[in-house]
Structure formats: structure tokens, C-alpha cells
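Written out below as C-alpha cells is the structure these notes cover.
Quantities reported herein were computed from a predicted structural model and do not represent experimental measurements. Chain letters run A, B, ... following the sequence lines, proteins first, then strands; residues in each count from 1.
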Amino acid sequence: MSRYFVTTAISYPNGRPHIGHAYEVIATDWLARFARLDGRDTYFMTGTDEHGLKIAQAAREEGVEPQAFVDGMVQHFVAMCDRLNISRDRFIRTTDPDHKAVVQALWTKLVEAGDIYLDRYEGWYSVRDEAYYDEDELSTSDDGTKLAPTGTEVAWTVEESWFFRLSRFQEPLLKLYAEQPNFVQPTNRLNEMKAFVERGLKDLSISRTSFDWGVPVPESPGHVMYVWLDALTNYLTPSGWPAAGWEARWPADLHVIGKDVVRFHAIYWPAFLMSADLPLPRKIFGHGFVLNRGAKMSKSLGNIVEPMSLADTFGVDPLRYYLLRAIQFGQDGEWSHEAIGRRINADLANDLGNLAQRTLSMIAKNCDNAVPPDGPATEADTTLLAEVSTMLADARAAHEQVRPDLALDAIWARVSAVNLYLNEMVPWTLRKTDPARADIVLYHAAEAIRRIALLVQPAMPESAAKLLDQLAIAADARSFASFDAKLMPGTPLPAPQGVFPRWVEPEVE
RNA sequence: GGCGGGGUAGCUCAGCUGGUUAGAGCACAGGAUUCAUAACCCUGAGGCCGCGGGUUCAAGUCCCGCCCCCGCCA
């Protein structure tokens, strides 16, 4: 059985989760659920990146210890996962004891490899940004203080720091990109990484002495690890490396991340792993951002909408569906209240929901509440089933490409095909003239809906389950292994109920 | 500033190596129908294909210039 280990980036819990967090975790959940249903040994991990100066500062402002601060904040992220039906196998926290142990082991391994050395780091440092800036990036404010491009105050800072010999990995990384052009996707991101590496790599400062909220550097009092080494290593943690048996859960098949952190995942992370002589993840996918009416959400614009409130308004499954279907994965996308409402009506209520309802209610009224009898198939019947049966291959291809939107496109093309089939076969008319033929038509429609519902599961688990319940599909017959099975005529069916109600804009008081 | 991507119907986008009347979905209008969640199905309207030159029998598709947007880097 093939393994599938997929991760999201870990979130920085210095604020509450926003729709960007929801988007990434929903998309990755789709990937994981799909792989699981497709019979793969799947492990899906998401979590939080809890160290660093900004967390320490936020905690101080609230007058609590950093650990207490993150313990509180992380609950919002866990609650979001619960609410959005995120089927993670582990919610990892960089404050977890096993994670700290793995990070320290990795550090030691990098030291042994000769890729870590002690030096001094100095430069213009912004406490707020937790970053150093070059002289020519700075501006000077009216009162003479130096400002970073982000507008925050910087001060000349000198600190002792451990460095990682990133420069040594320029050629190996370029070789990697050349040999595995799918290592980073979409391709334009790969090209950006190539260009970046070709310009030359500077060694990387990987420890700090200016604060202590981090994983301590082994045998180096006063130093904590630079956040990216700590954070990236979370992916390795569940393997238990270097303890025996780690190969069972490493390397990852896919890291799903935002386009803003591609560099860390596509350059630093592979370099760390190469230094430690560990296998590399198979693929890194940088998705786009989801904007509210094309504008980034911000406190000053007052347009922050929390994902939980969208789930309250539209329902979890419709929200998941919108984000997965309406945005090309890898591109930026937008959402609006109206756009989600339109999608719900056009795709869920009118197309799939109505298809299920018209089919199931005809069966309920005319077929004794049971799967209708099958019989000699016409060309139209076999054509329909042939078209529907190729849907699985299309969806698998989309999954391989990390394109949930394309998978849903492929599924909805079949939804339309079944609606058209019914219109052409007119079973409601046949009922009066040729009831046996009407049954056969309904049988084929129901069978097509069964297959569609199977493939809808990763996107809308609860709604798909309702559809499958109405077709009396057993729990152990809902994986893709049962895709080519057939409905058993005569199987008793429950009373049909609408699964996707129309979205009606609430009356404005 | 350097490198890269893009500007096609109201919206989101397809249009491969140049070749018949430029396509899809949504939204909109009309029709048909009534099994169904006023849904499904059919038809239609709607495009100086960013702007200006050029190459060619023929350019959304190639070349040059310009304008605008986005990404990476500086």
C-alpha cells in the first residue's frame, strides 16, 4: 500500500486563525481524505509554530508566560480544525517535547556534518519584524530614527550566532531542481527558486541570543534556534528520527504551503536535510492567497472575517466546496458573500442537490423505496456509465497535480451529464408507458450518483455521507475501491431528503 | 532597477507549434418542461482578444515599441 504523508505549514499563533489558515488546511484535508479513500496509508499533519520573539512579546503584553500564552492561542486553531472537519492525524506543536528532541538531534547532526559554525551577526535589526535589514533598505523618520521598509524601528545590533553553511548547497540544490522539476510547484515558483539560488547563497544565521523563547541550542548556553530551523523540522518530528523506524514516516510526499514561504521550504529545508543526509520531501506546493473582494483583510480596513463565522453563515461543507472549487489552486483567488451564495445555488443546490433529489424522489414514489431493478442497457445507459466511470481517473490526476479545483470540475461535468441523461430519458414519462424501462433509467441515474457521491467525500464529507446514506451504501463500501461496484437492486432506501438547500439571502431588517 | 508571468464576453478563465463565423462556466434574456430545491434541458444576447506599428495569403496566436497589473530578487 503506498504511503501518503502530507502536511500544511504550521501556523504562527500570535493571533487568531483567519481565512488563509482555513484555506490551506481545507485544501490539505481534501488531499489527505482523497488519498485515504484511495486506499493509501495516509498521514496528515498540521499544527502551530510557537517559538520566537513575537510570541514572547505578545505573551509579555498580556502578562503571561509564553507557554501559557500559546496554550491559550492554540485552542483557536484546534477549534478551527474541529469545526472545519479537518481529518488531521496529528496536530503538532513546536513546543511538544518530542519535537524539541528531534530538532536538537538534527542540530547535532548538522554540527557533525561540519555545516554549523560560530560567528558574529551584526546589522540593522527590527525587533518588531524579528529581522535584519540592509543599510540601503532603510529610511529615516522625521525624528531621525532608522526605519525598516515595513516602517518599524531598527537598531544596530551585534550578537553571537551560529551559522549554517547554506552556501555549500548551491550546486546540490540546482541539481535537485534540474532533476526533479516537480519538486516545487507551481512551476513559476520553481523558476523563482532557481533564480534565487543561481545568484548565490549566503550562510544562514540559525541561532539567536536576543531572546530565550525557543529550542535551546545543544551545548551552547544562551542560544536558542532561529525559528525556521525549529519550525521546518516539525515535518520530521512524527518520524521519531533518529530513532529506529523513522523511515516509516519520512520523507513527506507533499508540503502544502503558502506562496510566501516557498523559499524556506524549497531552499533552506532541503539544504538542512541534505546536510543531515536525510531524504527530501517529494514535493512542495505553494498555493495562493484568498482575498476578500480582492483586498487583503486587515484590522485597519475592518474587513476581517473569521472562518468560523463563514462556516456559521454558509455551512462547513459549502464553505469547503467554495474554497476548493472556485479558486485555481496555486493562484490567488477571491471570495465574497455573494460569490459563495452563487456557488451554493448553481453547483450544490441546482446541479448536484437537485439531481439527487429528483432521482431519489422518483425512486421513492415509484420503486417501493428500494433500488430499482436493473435490466437491458441501451446505448445511452452505457454511455452515461462510461463517462461517469472515467471520473475517478480524472480526479486522481487532479490529486496528483495538487489541483482540487480540477477534480471538482471533472466531477461536476458528470453531474451535468446525469441531469442531461434524465432529461433525455424522461423516466417520468416512461413510467406511464414502459415502467420497466423507467426503472432501468433510474437505476443508472442512481448508480451514477453513487459514484459522484464517493468522489465528493473529500471535499464535503458530511454532505457526501448524507447522499451515500440515502443510497444505503454501507460504511465499508465508501472507499474508491468500491467505485466500480454496482448498486444492488431491491436494496431498501430511506426517505429522500434534500442535502443542499438553496442559499437565500437573509432579509435585511 | 534586473529577471519572470499576465492583460480575451459583466465576473472567473480556456484558446497547443499562426488558418474556417474567438470558446466554457457563472450572471443576464427568451423558450421548452413540470420528475425535481422557480431547479434541470434548449436557445440567445454580450468581445476595436491592453494600445500602436510590422511580418504574412492569413495574427488573440510571431516581431518591435508603449501603457497597465502581478510575482521573485535587489
Side-chain angles (χ1 to χ4, degrees), chain A residues 133-138 149 177 184 186-202 258-264 266-267 286-291 293-294 296 318 322-323 325-336 338-367 372 403 405-406 408-432 435 438-439 441-442 445-446 448-449 463 466-467 470 496-504:
Chain A
Y133 292 95
D134 287 336
E135 180 87 45
D136 58 7
E137 291 181 88
L138 304 177
Y177 304 149
V184 180
T187 304
N188 62 319
R189 300 288 163 205
L190 176 75
N191 293 336
E192 289 172 3
M193 292 305 107
K194 273 186 194 167
F196 184 88
V197 174
E198 280 166 358
R199 283 188 206 99
L201 294 171
K202 284 189 286 192
K259 64 182 183 180
D260 54 332
V261 290
V262 170
R263 192 165 98 203
F264 306 101
I267 296 176
H287 67 251
F289 295 147
V290 186
L291 308 173
R293 290 179 197 285
K296 199 154 187 166
Y322 179 84
L323 292 172
R325 176 83 195 274
I327 301 163
Q328 294 184 56
F329 204 61
Q331 304 282 105
D332 285 351
E334 26 182 311
W335 67 273
S336 67
E338 296 78 7
I340 298 176
R342 270 199 302 272
R343 273 285 172 189
I344 289 173
N345 284 344
D347 296 2
L348 301 184
N350 295 354
D351 289 348
L352 178 55
N354 183 50
L355 170 64
Q357 187 68 11
R358 68 197 297 210
T359 305
L360 290 167
S361 68
M362 275 187 273
I363 289 174
K365 285 175 192 165
N366 301 299
C367 308
R403 291 292 301 275
D405 53 308
L406 292 182
L408 292 169
D409 285 348
I411 295 164
W412 256 257
R414 274 66 177 199
V415 172
S416 294
V418 185
N419 268 321
L420 185 55
Y421 169 81
L422 284 178
N423 277 26
E424 290 178 344
M425 296 301 109
V426 287
W428 51 91
T429 302
L430 286 174
R431 180 60 52 196
K432 300 162 192 160
D439 285 344
V441 168
L442 290 177
I449 293 168
S463 305
K466 286 182 191 168
L467 288 175
Q470 295 191 33
Q497 288 182 339
V499 175
F500 298 107
R502 287 184 64 78
W503 169 253
V504 180

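Leu408(A) has its CG atom 16 Å from the C1' atom of C26(B), to the nearest Å. Atom CD of Glu192(A) and atom P of G2(B) are 18 Å apart (whole Å). As a whole-Å value, the separation of Glu334(A) CD from C26(B) C1' is 14 Å. We find that CG of Leu355(A) is positioned 16 Å from C1' of U34(B), with the value rounded to whole Å. In this structure, Asn345(A) places its CG atom 8 Å from P of A27(B), rounding to the nearest Å. If you measure from atom CD of Glu424(A) to atom C1' of A36(B), you get 17 Å, rounded to the nearest angstrom. Across the protein-nucleic acid pair, Leu190(A) atom CG and G5(B) atom C1' stand 14 Å apart, rounded to whole Å. Between Met362(A) atom CE and U33(B) atom C1' the separation is 13 Å, expressed in whole Å.
Between Trp412(A) and Leu348(A), some side-chain heavy-atom pair lies under the 4.5 Å cut-off.
Rounded to whole Å, the C1' atom of C16(B) lies 39 Å from the corresponding atom of A32(B). A distance of about 15 Å separates the P atoms of G1(B) and G65(B), rounded to the whole Å. For U55(B) and C62(B), the C1' atoms lie 8 Å apart once the distance is rounded to whole Å. Taking the P atom of each, C63(B) and U17(B) are spaced 11 Å apart, rounded to whole Å. Using C1' as the reference atom, C64(B) and C28(B) are 41 Å apart when rounded to the nearest Å. Going from the P atom of A59(B) to that of C68(B) covers 28 Å, rounded to whole Å. As rounded to the nearest Å, C3(B) and U43(B) have C1' atoms that lie 49 Å from one another. The gap from the P atom of G15(B) to that of A24(B) amounts to 15 Å, rounded to the nearest Å.
The side chain of Arg199(A) lies closest to G2(B), out of A36(B), G2(B), G71(B).
Not counting sequence neighbours, Tyr421(A) has no partner by the ring-ring contact (aromatic ring centres under 6.0 Å, His included) test. Under the rule for a side-chain hydrogen bond (donor to acceptor under 3.5 Å, both in side chains), Gln328(A) has no partner lying at least two apart in sequence or in another chain. Looking at residues two or more places apart in sequence or on another chain, you find a salt bridge (charged side-chain N to carboxylate O under 4.0 Å, His left out) between Lys259(A) and Asp332(A). In this structure Asn345(A) satisfies the side-chain hydrogen bond (donor to acceptor under 3.5 Å, both in side chains) test with no other residue, sequence neighbours excluded. The ring-ring contact (aromatic ring centres under 6.0 Å, His included) check on Phe329(A) picks up Tyr23(A), Phe285(A), His287(A), with sequence neighbours excluded. Residues meeting the side-chain hydrogen bond (donor to acceptor under 3.5 Å, both in side chains) test with Asp405(A), sequence neighbours left out: Arg403(A).
Distance check, rounded to the nearest 0.5 Å: CG of Leu323(A) to CD1 of Ile340(A) gives 6.5 Å.
Gln328(A) comes within 4.0 angstrom of the backbone, heavy atoms only, and of no base. Within 4.0 Å (heavy atoms only), Val504(A) reaches no atom of the nucleic acid at all. Among the protein residues, Arg189(A) comes within range of the sugar-phosphate backbone only, with heavy atoms under 4.0 Å from sugar or phosphate atoms but none that close to a base.
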Query raised in the report: Given Watson-Crick or G-U pairs with both distances under 3.5 Å, what dot-bracket string fits RNA chain B, with | for other-strand pairs and [ ] for crossing?
Result: (((((((..((((.....[...)))).((((.........)))).....(((((..]....)))))))))))).
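Heavy-atom distances to RNA chain B give each of Arg263(A) and Thr429(A) a nearest nucleotide, and the one nearer the 5′ end belongs to Thr429(A). For the pair Lys432(A) and Arg343(A), both in contact range of RNA chain B, the more 5′-proximal nearest nucleotide belongs to Arg343(A).
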Query raised in the report: Once each nucleotide of nucleotides 38-44 of chain B is scored for protein heavy atoms under 4.0 Å, what B/S/- sequence comes out, 5' to 3'?
Result: -SBB---
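Residue Arg342(A) has no polar side-chain atom (N or O) positioned under 4.0 Å from OP1 or OP2 of C11(B). For the OP1/OP2 pair of C72(B) and a distance below 4.0 Å, the side-chain nitrogens and oxygens of Lys259(A) include no atom meeting the criterion.
Using a 4.0 Å cut-off between a side-chain N of Lys or Arg and a carboxylate O of Asp or Glu, Asp347(A) and Arg342(A) do not qualify as a salt bridge.
No more than 12 heavy atoms of other residues, nucleotides or ligands shown are found within 6.0 angstrom of CD on Gln497(A).
Each salt bridge (charged side-chain N to carboxylate O under 4.0 Å, His left out) pair with one or both residues in residues 417-432 of chain A, not counting sequence neighbours, appears once here: Arg431(A)-Asp439(A).
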